Chemist: 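To start, I am sharing the structure in question, which I have written as structure tokens.
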Amino acid sequence: MTDAVTTGGAEILTSSATDLVAAMEAGQVSSVEITQACLDRIEAVDRQVHAFLTVDAERALRQAREVDSRRAAGQRLGPLAGVPLAVKDLFCYQGMVTTAASRMLAGWVSPYTSTVVQRCVDAGMVILGKTNLDEFAMGSSTETSAFGPTHNPWDLERIPGGSGGGSAAALAAFQAPLALGTDTGGSIRLPAALTGTVGVKPTYGGTSRYGVIAMASSLDQPGPCARTVADAALLHQVIAGYDPMDQTSIPRDVPPVVEACRQIDLAGMRLGVVTGLSGQGYAPGVTQRFEEAVAALRGAGAEVIEVSCPHFEHALGAYYLIQPAEVSSNLARYDAMRYGLRLDDDGEHSAEQVMAASRGAGFGAEAKRRIILGTYALSSGYYDAYYGSAQKVRTLISRDFEAAWATCDALISPTTPTTAFRIGERTDDPLAMYQADLCTIPANLAGIATGSFPAGLAPEDGLPVGLQVMAPVLCDDRVYRVGAALEAQLEAAWGGPLLASIPPLGAAAKEDVR
């Protein structure tokens, strides 16, 4: 950390959360100054990026002042106290509009706060506001949001990934140093890969789902988003741990993720390259950067072997039966009877007519598509043929992972087959859109720990590429150890991190393709 943190807004915005905390502890900068710099940046660029749906400037500055007062009084504070945080608009936050980017919940103010957000507040973090997402987290591009798409800061004509594109774009646009996301089939990792940031999906049950609007309950998992591996680990440590309010929460200690970031020597670690997650259909630049990242990990001391997971090829099909089935169940509660959008309630229409009108207007095309698909898969006569068969494939995928752990400590692959595609390019082709999740879905089906880390820019378009790391259940620290080693190796080669300074929005660093 250097004194540059104190010299102006740009230095504050580009500093890591770790450096910001050190600067606050040294009295070089206050949380109010950091928070105001982020709010000013949001005001300046979010009309172009559209990362945020709601900004809570007044409460954020009040929280920042409280942290500054506590620090000045010599109170013991958490490791991220005073650091601003962007929150995906799927987390309930008392007193703030929570929409899940759907017209069904437009204007709904949450009466309570999710466990994960509350832990951040209790740790002294400053909540800037809510970020955009695909409606109810259904999508891979943040284009299905009822309030318009988010734009990738590297190229404003391209998508930032989804469903949590708003959180990742806020990081890449230097609007916030940290963010929260949820990952159902890649919704943290895919945006991280496409924006040159870090995103981790903890072990299923490692972070609480209480207060997170449900999409697919056996798959959803909150996780940290950041610009550096160490920052993601610090946020992971804050939000993780057992929660009695979540029946799927694991009553185990949080894995030593922060300590793992200091172990950038991978000597004695065996990494498996998943042979089925590469080759035909993968962009040449993605393949090139992935191979270079593998070489960098070898340079850090890891032994790299090839691993075959034969049932991964069926993961996409299984996921898009299981997930819509759970969507159909979870979204049934939005019936216009208790809360949410309510149309034609004029005394002349029956309850069924009110429900039909409200659901028809409240849900977007992708939500309707998945509700219909899921309802069909669960219907009498088709349950065993579709949903039941998909669950059997899920078991086979979990067994593939178990077999892999017998020969290696972690698995690696590209995070996604291509770099960010153009907005509107796949909106009329759902199957092409679903292909973006090809590499990420197996980890969700098995509930393991996984993350995406920057691997450079693709030579053909100058856009970010991500490397995915997968580790066994409750071995989240291995994900961070590999990610930190890759970050150290590539920063040594590049002379700095991928996101080191604020470029003009949309101007990818094509003249310095890393």
Side-chain angles (χ1 to χ4, degrees), residues 9-10 12-17 20-21 24 29-68 78 80-99 101 109-110 113-114 116-133 142 145 147 150 153 160 164-182 188 191 195 197 199 211 222-227 231-232 234-235 238-239 499 502:
I12 288 175
L13 294 172
T14 57
S15 294
S16 68
L20 290 174
V21 171
M24 285 187 282
V29 69
S30 68
S31 178
V32 168
E33 290 173 312
I34 296 169
T35 302
Q36 189 62 61
C38 290
L39 293 171
D40 290 345
R41 177 67 175 172
I42 294 168
E43 176 66 25
V45 307
D46 204 53
R47 281 184 290 274
Q48 296 171 271
V49 179
H50 192 39
F52 283 85
L53 293 179
T54 307
V55 176
D56 194 355
E58 182 178 346
R59 181 157 42 165
L61 288 170
R62 183 169 67 248
Q63 291 172 336
R65 286 192 291 269
E66 290 173 357
V67 171
D68 286 338
L80 289 174
V83 176
L85 176 73
V87 176
K88 186 178 183 180
D89 197 18
L90 209 62
F91 292 86
C92 291
Y93 185 31
Q94 187 175 19
M96 182 178 283
V97 172
T98 302
T99 69
V109 178
S110 175
T113 299
S114 70
V116 165
V117 174
Q118 188 61 55
R119 286 177 176 175
C120 292
V121 172
D122 293 344
M125 300 188 72
V126 175
I127 312 300
L128 293 171
K130 297 291 200 68
T131 56
N132 199 16
L133 65 147
T142 316
S145 169
F147 308 111
T150 295
S167 287
L171 297 174
F174 297 97
Q175 295 171 300
L178 293 171
L180 286 177
T182 62
I188 288 175
T195 59
T197 57
C225 310
R227 289 195 292 264
D231 283 0
L234 284 170
L235 182 54
V238 168
I239 66 175
L499 285 168
I502 300 179

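Note that these values count all heavy atoms, side chains included, but never hydrogens, waters or copies made by symmetry. Keep in mind that this is a model prediction, so the values were computed, not measured.
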Chemist: So how far is it from Gln94 CD to Thr113 OG1, rounded to the nearest 0.5 Å?
Modeler: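 Gln94 atom CD to Thr113 atom OG1 measures 5.0 Å (nearest 0.5 Å).
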Chemist: Is Pro84 close to Leu178 at the side-chain level, that is, under 4.5 Å between some pair of heavy atoms?
Modeler: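 With C-beta onward as the side chain, the pair stays apart.
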Chemist: Could you tell me whether the side chain of Arg227 and the main chain of Ala176 form a donor-acceptor pair under 3.5 Å?
Modeler: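 Yes.
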Chemist: Do the side chain of His50 and the main chain of Gly166 share a donor and acceptor less than 3.5 angstrom apart?
Modeler: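 Side chain of His50 to backbone of Gly166, a donor-acceptor pair under 3.5 Å: no, none is there.
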Chemist: Check Val49 against Ala169 and note the closest heavy-atom contact, atom names and distance.
Modeler: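 Nearest heavy atoms, Val49 then Ala169: CG1-CB, 3.8 Å.
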Chemist: Ser31 versus Val126: any side-chain heavy-atom pair under 4.5 Å?
Modeler: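 Yes, their side chains come closer than 4.5 Å.
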Chemist: Compare every heavy atom of Ala17 with every heavy atom of Asp231, then report the nearest pair and how far apart it is.
Modeler: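 That closest heavy-atom pairing would be OD2-N, 2.7 Å.
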Chemist: Using side chain to side chain contact (heavy atoms under 4.5 Å, CB included), reason through Thr54 and Met96 one step at a time and then give a plain yes or no.
Modeler: CA-CA 8 Å; Thr54 307; Met96 182 178 283; 4.2 Å; yes
Chemist: With the side chain counted from C-beta on, respond yes when Val67 and Met24 share a heavy-atom pair under 4.5 Å apart, and no when they do not.
Modeler: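 Val67 vs Met24: side chains apart.
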Chemist: For Glu33, is there any backbone N or O sitting under 3.5 Å from a side-chain donor or acceptor partner on Gln36?
Modeler: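 No, because the side chain of Gln36 does not come within donor-acceptor range (under 3.5 Å) of the backbone of Glu33.
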Chemist: Checking the side chain of Arg119 only, and the main-chain atoms of Val238 only, is there a donor and an acceptor separated by less than 3.5 Å?
Modeler: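 No, Arg119 side chain to Val238 backbone: no donor-acceptor pair under 3.5 Å.
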Chemist: Do Asn132 and Thr150 meet the criterion of a side-chain donor-acceptor pair at a distance under 3.5 Å?
Modeler: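 Yes, side-chain donor-acceptor contact under 3.5 Å.
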Chemist: Any chance you could lay out the side chain to side chain contact (heavy atoms under 4.5 Å, CB included) test for Ser167 and Leu180, step after step, and finish with the verdict?
Modeler: CA-CA 7 Å; Ser167 287; Leu180 286 177; 5.7 Å; no
Chemist: Using the rule given for side chain to side chain contact (heavy atoms under 4.5 Å, CB included), can you reason through Leu39 versus Glu43, listing the C-alpha separation, both sets of side-chain angles and the distance that settles it, and then say yes or no?
Modeler: CA-CA 6 Å; Leu39 293 171; Glu43 176 66 25; over 6 Å; no
Chemist: Grab the two heavy atoms, one from Pro191 and one from Ala168, that are nearest each other, plus how far apart they are.
Modeler: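 Of all heavy-atom pairs spanning Pro191 and Ala168, the closest is CB-CB, 3.5 Å.
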Chemist: Please answer whether the main-chain N or O of Thr182 pairs with a side-chain N or O of Lys88 as donor and acceptor at a distance below 3.5 Å.
Modeler: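 Checked: pair present.
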Chemist: With a cut-off of under 6.0 Å to the ring centre and 45° to the axis, is Arg59 in cation-pi contact with Tyr93?
Modeler: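 Here Arg59 passes the 6.0 Å and 45° test against Tyr93.
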Chemist: Going from CG on Leu20 to CG on Leu80, what distance comes out if it is rounded to the nearest 0.5 angstrom?
Modeler: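 Taking CG in Leu20 and CG in Leu80, the distance rounds to 10.0 Å.
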Chemist: Nearest heavy-atom pair of Pro177 and Val83: which atoms, and what distance?
Modeler: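 Minimum heavy-atom contact is CG-CG1, 3.7 Å.
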Chemist: Can you tell me how far apart CG (Leu128) and SG (Cys38) are? Round to the nearest 0.5 Å.
Modeler: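 So the CG of Leu128 and the SG of Cys38 are separated by 5.5 Å.
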Chemist: Taking the side chain as every heavy atom from C-beta outward, state whether Leu90 and Leu133 have any atom pair closer than 4.5 Å.
Modeler: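 In contact.
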Chemist: Distance check, rounded to the nearest 0.5 Å: Ile12 atom CD1 versus Arg41 atom CZ?
Modeler: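 Output value for this atom pair is 13.5 Å.
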Chemist: Let me confirm one number: the OG1-CG distance from Thr197 to Leu171, rounded to the nearest 0.5 Å.
Modeler: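 Reported value, rounded in 0.5 Å steps: 5.5 Å.
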Chemist: Side chains of Leu235 and Leu85: does their closest heavy-atom pair fall under 4.5 Å?
Modeler: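 Yes. Closest side-chain heavy atoms under 4.5 Å.
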Chemist: So, for Phe91 and Ser114, which heavy atoms are closest and what is the spacing to 0.1 Å?
Modeler: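 Shortest heavy-atom contact: CD2-OG, 3.6 Å.
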Chemist: Taking all non-hydrogen atoms of both residues into account, name the closest pair between Ile239 and Cys120 and its distance.
Modeler: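 Scanning both residues, the minimum pair turns out to be CG2-SG, 3.5 Å.
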Chemist: Enter the distance from Thr35:OG1 to Asp68:CG here, rounded to the nearest 0.5 Å.
Modeler: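 The OG1 atom of Thr35 sits 8.0 Å away from the CG atom of Asp68.
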Chemist: Give a yes or no on whether the backbone of Lys130 and the side-chain of Asp89 come within a donor-acceptor separation of less than 3.5 Å.
Modeler: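 Flag not set: sc Asp89 to bb Lys130 has no pair under 3.5 Å.
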Chemist: Run the numbers on Ile127 and Val121 for side chain to side chain contact (heavy atoms under 4.5 Å, CB included), then give the verdict.
Modeler: CA-CA 8 Å; Ile127 312 300; Val121 172; 3.9 Å; yes
